[in-house]
Amino acid sequence: MPGETTSVAFRRRAWDDAKRQWSWEYPVGANGLVQLAHNTRLSPPT
């Protein structure tokens, strides 16, 4: 909900040479808290 604090985790796409495909990496320590503004819109990942 807008104005509430929520936790977030970041991820990045990385090329895996061994599997010859893209995969998601979750960098260590790349998480935190964020407080959403009243006009923030979130959409599900595609």
Side-chain angles (χ1 to χ4, degrees):
M1 295 295 295
E4 292 185 12
T5 301
T6 188
S7 62
V8 294
F10 295 98
R11 66 182 183 172
R12 65 178 171 220
R13 286 189 74 186
W15 179 255
D16 186 332
D17 280 329
K19 294 180 182 177
R20 311 241 345 118
Q21 67 184 21
W22 288 99
S23 62
W24 289 108
E25 290 183 349
Y26 294 86
V28 174
N31 53 27
L33 298 174
V34 65
Q35 186 173 25
L36 303 177
H38 71 279
N39 60 350
T40 302
R41 289 186 180 187
L42 299 176
S43 61
T46 55

Which atom of P27 lies closest to which atom of R11, heavy atoms considered: CD-CA, 4.2 Å
Student check: side-chain heavy atoms of Y26 and R12 closer than 4.5 Å: no
Gap between atom CH2 of W24 and atom CZ of R13 - 0.5 Å precision: 5.5 Å
